[in-house]
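Here's the structure, in structure tokens; my notes come after.
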Amino acid sequence: MGIEASCNRQINYLRISITDRCNLRCRYCMPPEGVEYKSHDDIMRYEEVERFARVALEAGIDRFRLTGGEPLVRRGVLKLVESLARLPGLNELSMTSNGYYLEDRAYELKQAGLDRINISLDTLKAERFKKITRVDGLDRVRRGIDRARKVGLNPVKINVVIIRDFNDDEILDFVNLSRKEGLQVRFIELMPLNGESKERQKDYLPTAEIITRIKQAGYQLKPLDIIGSGPARNYEIVGGEGRLGFISPLSHNFCSSCNRLRLTADGYLKPCLAEDREFKLYDEAGRLLSQENLAKILAQACRVKPAAHSLTKEQQLARNMSQIGG
Ligand code: SAM
Ligand code: SF4
């Protein structure tokens, strides 16, 4: 079901950012020096996240995704996974991670109740990985992906942000990765959200061009109608095992079917990724609001969800992507 939102939408999905910290410095997401982190006192405690999650479930949200920053850098994350996974009525608990710490954590995460994982990986070349993330870690991430599949965090999805003249020559390599390893690869359009991405808008490459290049290379794509799959448009690669998804926030506005809200690590509820409007979940004394007031804020956030975002190539948002959670 979900919560009634503006423009006949039903909200049933909450992305929960549990930290604004990250071990990587992806160029389109963060400046090289990083961003000023919130103090621990300003970050929601796990018990508070769980309290809010209960209210959300009660209201009709039944899918949660943990994100960050990098969710695996926050201590005790397994405890949170365990407590959320056993909440009655939850349909799916997933995570978005850069995969750097996954090799050692995948098994425990699965045991704790995580259903599946999306891993961000923009290149299959070690030097390039270093360039985009400012950390030498491709091998670790590849091992993390393998481990996640082995322990059953499936379907493992790989998120690839495509940047013109940087990694667009790897589009077909990712298509092959999907075909050969049965991984779901999702190509994401670069969004103009701080990091270096504002200066790099010339590097934006629309989905249509990615699809054209894949077809020109001889691949046939068959559209898939996957209910509840969010903003991605999905395709099966004819003659292979893999699946491709395309997430096109700029060229193909998917707001009319948007089913999500976002909770920031410092306790604000955001109706829309691309807007600065947000609702604080704490009172003046720094206490999490009552169950009743949290439910009211949830309903209000759904009511004011914009009909369509105004994410343009010039927009400047108050938060970096790492502070929202993607
Ligand atoms: N650290 C985790 C990770 O990288 O998967 C979770 C948080 S990260 C902010 C979530 C997603 O946002 C990643 O898939 C990342 O590639 C994407 N992202 C960050 N900045 C972006 C941008 N400017 N345009 C498009 N996607 C972006
Ligand atoms: Fe960290 Fe994820 Fe942002 Fe990269 S995209 S800097 S891994 S939060």
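On a predicted model such as this, the values are computed, not experimentally measured, just so you know. Counting starts at 1 for both ligands and their atoms, following the listed order.
- Within a 6.0 Å radius of NZ in Lys131, no more than 12 heavy atoms belonging to other residues, nucleotides or ligands are found.
- Heavy atoms of Thr96 found under 4.0 angstrom from ligand 1 belong to the backbone as well as the side chain.
- Considering both main-chain and side-chain atoms, Cys29 never comes within under 3.5 Å of ligand 1 through any nitrogen or oxygen pair.
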- Walk me through it: do Glu127 and Lys130 pass the test salt bridge (charged side-chain N to carboxylate O under 4.0 Å, His left out)? CA-CA 5 Å; Glu127 270 312 302; Lys130 214 170 9 174; 3.6 Å; yes
- Yes or no on side-chain contact (heavy atoms from CB on, under 4.5 Å) for Leu269 and Phe52, after CA distance, side-chain angles and deciding distance? CA-CA 10 Å; Leu269 190 63; Phe52 183 71; 4.0 Å; yes
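- A cation-pi geometry, defined here as NZ or CZ lying under 6.0 Å from the six-membered ring centre and within 45° of its normal, holds between Arg128 and Phe166.
- For Tyr37, the OH atom counts as densely surrounded, since its 6.0 Å shell holds more than 12 non-hydrogen atoms of other residues, nucleotides or ligands.
- For ligand 1 and Asn159, the ligand atoms under 4.0 Å from any heavy atom of the residue are 14 (O).
- In the displayed structure, Gln220 atom CD is contacted under 6.0 Å by at most 12 heavy atoms of other residues, nucleotides or ligands.
- Within a 6.0 Å radius of CD in Glu58, other residues, nucleotides and ligands contribute 12 heavy atoms or fewer.
- Here's the thing with Ser322: none of its N/O atoms is less than 3.5 angstrom from an N/O atom of ligand 1.
- Within ligand 1, the atoms closer than 4.0 Å to a non-hydrogen atom of Thr67 are 6 (C), 7 (C), numbered from 1 in the order shown.
- Heavy atoms of Pro192 stay at 4.0 angstrom or farther from ligand 1.
- Considering backbone and side-chain N/O of Ser97, one or more are found under 3.5 Å from N/O of ligand 1.
- Considering every non-hydrogen atom in both Ile237 and Arg243, the closest pair reads CD1-N, 4.5 Å.
- Within ligand 1, counting atoms from 1 as listed, the ones closer than 4.0 Å to a heavy atom of Glu189 are 25 (C).
- Comparing heavy-atom distances from atom 3 (C) of ligand 1 across Gly326, Gly99, Ser120 singles out Ser120 as nearest.
- Below 4.0 Å from some heavy atom of Gly69 lie the following atoms of ligand 1, by number and element: 1 (N), 2 (C), 6 (C), 7 (C).
- Of all protein N, O or S atoms, those under 2.8 Å from atom 3 (Fe) of ligand 2 number 1.
- Residue Gln291 places its CD atom among 12 or fewer non-hydrogen atoms of other residues, nucleotides or ligands, all under 6.0 Å distant.
- Near Glu70, meaning under 4.0 Å from any of its heavy atoms, are these atoms of ligand 1: 1 (N), 2 (C).
- Both tests pass for Arg140 against the ring of Tyr100: distance under 6.0 Å to the centre and angle within 45° of the axis.
- Seen from the ring of Tyr268, Arg319 counts as a face-on cation partner, given the 6.0 Å and 45° thresholds.
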